[in-house]
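All remarks here apply to the structure that follows.
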Amino acid sequence: MTNLKNNRSIFFQNKIVYILDQTKLPFKEELYKSSTYQNTCFAIKNMLIRGAGSIGAAAGFAMMQASFEAPNYNRLNFLNNAKKIIEQTRPTAHDLFAAVERVYNKALSSNDEAEAEAQLIADETAEAGRLIGIHGNELIKTGSRILTHCNAGTLALVDYGSALAPIIHAHNSGKQIFVYVDETRPRNQGAKLTAWELNKFGVPHVIIADNAAGMLMADGKIDLIITGADRIAKNGDTANKIGTLEKAVLAKEFNIPFYIAAPFSTFDKTIETGKNIPIEIRDENEILTISGADITGKIHNIRIASPGSKAYNPAFDVTPSKYISAFITPKGILSSEELKKY
Ligand code: MRU
């Protein structure tokens with residue numbers, strides 16, 4: 001990414017939170033500048049910034065901004081209210097709740113501590129992606145054909161990415177890999193964002209319709225699957241972008257390893273199974289309409305569904321741990337059983 005500090009999808013500098021606006025990608029690279037916690041909440045809710053790790057960093061920065069904004073006479077009430085508002089932006093990614101809690105606890109002491117903690121969360125998230133890339137690369141053989149779903153790259157994890165980090169690492173090591181990118185309806189994070197990131201790194205790939213993945217697996221065209229995660233329960237059940245579950249079930253049928261790549265901030269130690277993961281239901285217009293650019297680069301949103309019809313839009317699904325071959329974490333490749341140690 002050309003115009004970003006350290007290539008990050010979000011960073012804080014001179015009292016401003018800078019966000020690479022993902023609603024404009026891949027057509028325009030534009031930075032959204034937020035100087036209030038409410039504006040950062042707007043960016044999370046409306047997916048200018050998205051992907052669990054980046055949402056966590058944004059939420060941490062929002063809590064830090066709330067700390068700066070809190071008046072002395074009413075500080076605690078202001079902080080408590082801001083915490084609730086930030087937590088209501090998006091319900092599924094655990095990283096958001098973990099980050100808000102950490103920065104809130106520091107804000108109780110001072111603005112400086114809140115700022116240091118928010119920066120630390122962004123730095124730790126980026127570093128987790130770097131380590132996931134190194135460990136995940138071990139699972140990728142020369143010539144592998146890899147399927148990925150949604151976007152789990154730098155855009156989604158501050159830097160490096162979760163699912164994309166091993167893929168880019170393998171490509172940079174000369175392994176001659178090929179990537180099948182699920183378009184990832186309804187918002188097309190695969191077609192728009194993953195493809196944009198893979199292009200930047202020169203990774204050979206094609207975009208496929210979400211419903212093509214089964215046929216490719218049946219035809220022996222996919223060697224492994226790597227996706228990211230939004231929340232992982234203690235037993236390894238994993239919430240990720242809607243459509244992940246069906247890929248995992250198909251992978252088991254066709255004997256294809258299915259890996260989840262995630263930093264530890266995505267693991268929720270308070271819930272036993274995936275049944276307890278809150279699933280976000282988003283606006284029906286994400287299904288009824290689609291956005292894209294014309295040849296001049298102007299972005300339009302058009303209706304594609306029958307006028308008068310309504311839509312139901314769950315944003316995530318839960319893949320039971322029995323379908324997950326292993327987790328790619330900053331501490332290495334872990335089975336569901338090994339997860340419990342951490
Ligand atoms: O709704 P989104 O685009 O925020 O969903 C993102 C995903 O599902 C990613 O796969 C997930 O957050 C992992 S990326 C760190």
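Counting starts at 1 for both ligands and their atoms, in listed order.
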Under 4.0 Å from any heavy atom of [X], which atoms of ligand 1 are there?
X: Ala156; value: 14 (S), 15 (C)
X: Gln189; value: 1 (O), 2 (P), 3 (O)
X: Gly228; value: 13 (C)
X: Ala152; value: 14 (S)
X: Arg90; value: 1 (O), 2 (P), 4 (O)
X: Met47; value: 1 (O), 2 (P), 3 (O)
X: Leu157; value: 15 (C)
X: Gly51; value: 4 (O), 6 (C), 12 (O)

Q: With atom 13 (C) of ligand 1 as the reference point, say which of Ala229, Gly161, Gly129, Gly53 has the nearest heavy atom.
A: Ala229
Quick one: look up the protein heavy atom nearest [atom] and list residue, atom name and how far away it is.
atom: atom 11 (C) of ligand 1; result: Asp230 OD1, 3.0 Å
atom: atom 3 (O) of ligand 1; result: Arg50 NE, 2.4 Å
atom: atom 5 (O) of ligand 1; result: Lys241 CE, 3.3 Å
atom: atom 9 (C) of ligand 1; result: Asn240 OD1, 3.4 Å
atom: atom 12 (O) of ligand 1; result: Ala52 N, 2.8 Å

Testing the 3.5 Å rule here: is there a donor-acceptor pair between the side chains of [X] and [Y]?
X: Lys192; Y: Asn151; value: no
X: Asp112; Y: Ser110; value: no
X: Thr289; Y: Asn301; value: yes
X: Ser67; Y: Arg75; value: yes
X: Thr270; Y: Asp268; value: yes
X: Thr40; Y: Ser34; value: yes

(Q) If the contact criterion is a heavy-atom separation under 4.0 Å, does Ser162 count as touching ligand 1? (A) yes
Q. Can you tell me if Asn151 has a non-hydrogen atom under 4.0 Å from ligand 1?
A. yes
Q) Between Gln189 and Cys150, which heavy-atom pair has the shortest distance, and what is it? A) CB-SG, 3.8 Å
Q.
Minimum heavy-atom separation for Ser54 and Val158, please, with both atom names.
A. OG-N, 3.0 Å
Q: Tell me which part of Thr266 gets within contact of ligand 1: side chain, backbone, both or neither, using heavy atoms under 4.0 Å.
A: neither
Q: Compute both the distance and the angle, then confirm whether Lys221 meets the cation-pi test with Tyr180: under 6.0 Å from the six-membered ring centre, within 45 degrees of the axis.
A: no
(Q) Nearest 0.5 angstrom please: Thr92 OG1 to Arg282 CZ, how far? (A) 10.0 Å
Q. Going from CE on Met63 to CZ on Phe68, what distance comes out if it is rounded to the nearest 0.5 angstrom?
A. 11.5 Å
